[in-house]
Student: 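Quick one: structure below, then a few questions.
Only a predicted model underlies this, so the values are computations on that prediction, with no experimental measurement involved. Along the sequence shown, residues carry numbers from 1.
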Amino acid sequence: MSGSDAFCLLFHQQRITACLISAAFFGALGSSFLYGYNLSVVNAPAGFIKAFYNKTWVERYREPIPAGTTTLLWSFTVSIFAIGGLLGTFSVSFIIKALGRKGTLLLNNTFAVAAALLLSLGKMSKSFEMLIIGRIIIGVNSGIALSALPMYLGEISPRHIRGFIGQFNSILICLGVFTGQVLGLPELLGQESRWIYLFSFLAFPAVLQLFVLPFLPESPRYLLMERRDEAGAERAFQRFLGKEDVSQELEEVHAEARAQDNLHAASVLQLLRSPAVRWQLITIVITMACYQLCGLNAIWYYTNGILKAAGFAENILPYITLTTGAIETLAAIVSGLVIERIGRKPLLIFGFSSMAVFFSLLTVFLNFQDSVSWMPYLSYICILAVIAAFCSGPGGIPFVLTGELFEQSYRPAAFMIAGTVNWLSNFAVGLLFPIIQKLQTFAFLVFVVVCTLGSIFLCLFLPETKNKTFMDISQSFAKINKIPIPPSGQEMELVLSVKPDMNGKV
C-alpha cells in the first residue's frame, strides 16, 4: 500500500477533521518546525558569522580578534541553544499550569519573534552579543515547544489516531531541518549579503501560528480535569472529532479522573517519589537518553568527509547533503502513516536495531574506503539508512510516549524530566564527541552499543500503547510497579460540583 493510500484509508476510517489536522499542523509549525530549523540553519552562514565577529571586534578594539576567541564565540553561539532549551524545559510546567496547553504555545511565539529580531538586527547593530542572546532565546522557545506541543497533540487526539497526530511533531522537526538546508543554499540565503534573512525567517512560522491557533480549541482534557470546565471540554471534543455526541469521550476522561488520587498537576518531586509511575519514568528517561545518544549527531560530522572521499567537488556538497534532510522528512512521514498499524514498540525497536546494524556496516566500510574506490558510496548509503532508521521511530515516538505513559496530573512534570534528559544528553554528546572522535572510524561502535541496549530494554519493558486509553496504559504498568490496579470509585461529578470561591480556594 502506498503512502497516499494509507493516508486516505486512515482519513476515511478515523474521521480526521480539519480542526484536528489544523491544530496538529499549525501547532507544530510554530513549535517543532522552529526547533528543527534551528538545528540546521547555522551551518550555511557559519563562515559569514565568524567574519562578522572578526569585523565587529576590529571596529571595537582596533585589533584583529584572536583565533581562539573566534572559535570560543562561535562555539558559544552554537552550544548556548541547548542551554536555552534546558531553561525552557524548566519553565514549561509552570507556564502550562497558568496558561494551559494552547496558551503556552501562543506565548512561546513571543520568544521566537524576539529571537528573530535579535538575530536579524545583530549585524546592523554591530553586536555579536545580540546573536548570542537571540540563540539562547530561540533555545528557550524550543525547550518549551518540545514539551507543550506533544502534550497538546496527545490530549486532543482520539486514542486510535493519537500516534499519527503525535508524529506531526517529528515530521515538522525534520521538515524544519530540511528547510534550513534549502534556504542556506548559496543561490538563496546562504550568501554574505543575505545570511541575516535566514534568522528573520524564524518569525514567519511563529506569526502564522499566532494568527491560526487562537481560533482552535484548547485541550479538552485540560479543560475538564484541570479547569473543571465540562461545557468547554464538550465543545472542544465536538470540534476536534466533528460530531455532536461526545459522551463516550467525556466519560473516558471522567473515568481517568476517578482513578487518580490527585487531579491537580503533580510536582517533579511528587513524580519522582510516586511508586505508581516509577517504571513509566525509567522508560521515558532511558528512551529519551537513547534518542540523543544513539549517534545521529555524529553522522553529520562524517558526511562531508565521506562525500569528499567519494570524489564529489566541494561546491556541490550542500546540494548532495540535501538528501539527508529529504530522507529524514520522508521517513518521518512514513512513520506517521504506519504508526497506528504497526505500533510504537515495534517501530522503536526496529529503528534502534536498524541503526545498530547500519552503524556496524558503516564502521566496516569506513575502514576500507581508502583502499576500495567505490566504498565511500556504500558508506553514504549507510548514512542515509541510519537517518531513515532514526526517523522511522526513535526520532519522534519518545515524545509521543511521554504523553501517553502518564496520566493528566503527572504529565507536565514528566515532560519536564524528559526534556531535561533530552537537553542534558544533547549537551553530553557535544562534550564527549571530541573524545569519541579519537576512536576515528571505530567511533560508531559506541553508538552500536547504545542502540542495542536501548532495543533490548524496550523489548523487555515497554508495553504497546497503540489504541489504549491513558488509564489502560497506566494499568499495564501496575504489575511491574508492584501496585494494585487503580480503583475507579471517586466520582468526577463531585469534583466538578465544587466551585472555587473568590480567592481561588475550593
Student: Is there a donor-acceptor pair closer than 3.5 Å between any side-chain N or O of Asn38 and the backbone N or O of Leu34?
Tutor: yes
Student: Salt bridge between Arg135 and Glu129, side-chain N to carboxylate O under 4.0 Å?
Tutor: no
Student: Just jot down the ring pair (Phe, Tyr, Trp, His ring centres under 6.0 Å) partners of Phe215, sequence neighbours excluded, or say none.
Tutor: none
Student: Do Leu347 and Ile339 come within less than 4.5 Å of each other through their side chains, counting heavy atoms only?
Tutor: yes
Student: Using salt bridge (Lys or Arg N to Asp or Glu O under 4.0 Å) as the criterion, list what pairs up with Glu59, not counting sequence neighbours.
Tutor: Lys126
Student: So how far is it from Leu189 CG to Ser200 OG, rounded to the nearest 0.5 Å?
Tutor: 9.0 Å
Student: Quick check for you: to the nearest 0.5 Å, what is the distance between Ile173 atom CD1 and Ser32 atom OG?
Tutor: 5.0 Å
Student: Please walk me through it: do Arg60 and Ser127 pass side chain to side chain contact (heavy atoms under 4.5 Å, CB included)?
Tutor: CA-CA 10 Å; Arg60 284 187 189 179; Ser127 170; 4.2 Å; yes
Student: Are the side chains of Ile95 and Val92 in contact, using a 4.5 Å heavy-atom criterion?
Tutor: no
Student: Got a donor-acceptor contact below 3.5 angstrom from the Ser31 side chain to the Ala28 backbone?
Tutor: no
Student: Okay, side chain of Glu328, backbone of Cys174: is any donor-acceptor separation there less than 3.5 Å?
Tutor: no
Student: Work out which heavy atom in Thr452 is nearest to a heavy atom in Ala356; give both atom names and the distance.
Tutor: OG1-CB, 3.7 Å
Student: In chain order, what residues pass the side chain to side chain donor-acceptor pair (under 3.5 Å) check against Thr283, with sequence neighbours excluded?
Tutor: none
Student: Are the side chains of Leu106 and Pro214 in touch, meaning some heavy atoms are under 4.5 Å apart?
Tutor: yes
Student: Ile21 vs Phe168, test: side chain to side chain contact (heavy atoms under 4.5 Å, CB included). Steps then yes/no.
Tutor: CA-CA 9 Å; Ile21 288 291; Phe168 271 78; 4.0 Å; yes
Student: If you take the centroid of each ring, where Trp contributes its six-membered ring, are Phe406 and Phe415 closer together than 6.0 Å?
Tutor: no
Student: Is the gap between the ring centers of Phe368 and Trp374 under 6.0 Å?
Tutor: no
Student: List the steps and the verdict of side chain to side chain contact (heavy atoms under 4.5 Å, CB included) for Phe111 and Ile138.
Tutor: CA-CA 6 Å; Phe111 292 108; Ile138 199 62; over 6 Å; no
Student: Would you please name every residue forming a ring pair (Phe, Tyr, Trp, His ring centres under 6.0 Å) with Phe33, sequence neighbours left out?
Tutor: none
Student: I'd like to know if the side chain of Tyr319 pairs up with that of Glu187 as donor and acceptor (distance under 3.5 Å, no hydrogens or angles considered).
Tutor: yes
Student: Would Thr104 and Tyr152 count as having a side-chain donor-acceptor pair, cut-off 3.5 Å?
Tutor: no
Student: Are any of the side-chain nitrogens in Glu340 or Arg159 under 4.0 Å away from the carboxylate oxygens of its partner?
Tutor: no
Student: Does a side-chain heavy-atom distance below 4.5 Å link Leu73 with Ile65?
Tutor: yes
Student: Who are the ring pair (Phe, Tyr, Trp, His ring centres under 6.0 Å) partners of Tyr37, not counting sequence neighbours?
Tutor: Phe201
Student: Just how far is it from atom CD1 of Ile196 to atom CG of Leu119, taken to the nearest 0.5 Å?
Tutor: 10.5 Å
Student: So Phe128 and Trp57, would you call those rings parallel, tilted or perpendicular, with 30° and 60° as cut-offs?
Tutor: parallel
Student: What closest approach, in Å, do Leu322 and Gln181 show between heavy atoms, and which atom pair accounts for it?
Tutor: CD2-CB, 3.5 Å
Student: Taking all non-hydrogen atoms of both residues into account, name the closest pair between Gly190 and Phe48 and its distance.
Tutor: O-CE1, 3.5 Å
Student: Tell me whether Ser79 contacts the main-chain N or O of Ser75 through its side chain, where contact means a donor paired with an acceptor under 3.5 Å.
Tutor: yes
Student: Evaluate the side-chain proximity of Val42 to Trp74: yes if any heavy-atom separation is below 4.5 Å, no if none is.
Tutor: yes
Student: Could you pull out the closest heavy-atom pair between Val448 and Ser360, with the gap in Å?
Tutor: CG2-OG, 3.6 Å
Student: Quick one: do the Thr465 and Glu404 side chains pair a donor with an acceptor below 3.5 Å?
Tutor: yes
Student: Short question: side chain of Ser455, backbone of Cys451 - any donor-acceptor pair under 3.5 Å?
Tutor: yes
Student: For Phe427, look at atom CZ and say whether over 12 heavy atoms of other residues, nucleotides or ligands are found less than 6.0 Å away.
Tutor: no
Student: Is any side-chain heavy atom of Met288 closer than 4.5 Å to a side-chain heavy atom of Thr402?
Tutor: yes
Student: Tell me, yes or no, whether the heavy-atom count around Lys345 atom NZ, taken from other residues, nucleotides or ligands under 6.0 Å, exceeds 12.
Tutor: yes
Student: Could you tell me which residues satisfy salt bridge (Lys or Arg N to Asp or Glu O under 4.0 Å) with Glu155, sequence neighbours excluded, listed by chain and number?
Tutor: Arg101, Arg411
Student: With a 3.5 Å distance limit and no angle check, can you tell me whether Gln191 reaches the backbone of Pro186 through a side-chain donor-acceptor pair?
Tutor: yes
Student: Hey, is the main chain of Lys466 close enough, under 3.5 Å, to the side chain of Glu464 for a donor-acceptor pair?
Tutor: yes
Student: So, taking the atom named NZ in Lys102 and the one named CD1 in Ile156, what distance separates them when rounded to the nearest 0.5 Å?
Tutor: 11.0 Å
Student: Please round to the nearest 0.5 Å and tell me the distance separating atom CZ of Phe444 and atom CE of Met355.
Tutor: 10.0 Å
Student: Got a second to check how far Ile349's CD1 is from Leu462's CG, nearest 0.5 Å?
Tutor: 7.0 Å
Student: Tell me whether Ser157 contacts the main-chain N or O of Arg162 through its side chain, where contact means a donor paired with an acceptor under 3.5 Å.
Tutor: no
Student: Would you check if the side chain of Ser353 reaches a backbone N or O of Phe350 as a donor-acceptor pair within less than 3.5 Å?
Tutor: no
Student: Would you call Leu131 and Tyr53 a side-chain contact if the rule is heavy atoms closer than 4.5 Å?
Tutor: yes
Student: Work out which heavy atom in Leu20 is nearest to a heavy atom in Pro158; give both atom names and the distance.
Tutor: CD2-CD, 3.9 Å
Student: So which heavy atom on Asn109 is nearest to which on Gly30, and how close?
Tutor: OD1-O, 3.8 Å
Student: Considering only heavy atoms from C-beta outward, does the side chain of Tyr291 approach that of Thr287 to under 4.5 Å?
Tutor: no
Student: Please confirm whether the backbone N or O of Pro150 pairs with a side-chain atom of Asn169, one donor and one acceptor, at under 3.5 Å?
Tutor: no
Student: What's the verdict on side chain to side chain contact (heavy atoms under 4.5 Å, CB included) for Phe199 and Ser120, showing C-alpha distance, side-chain angles and the deciding distance?
Tutor: CA-CA 6 Å; Phe199 298 113; Ser120 302; 4.3 Å; yes
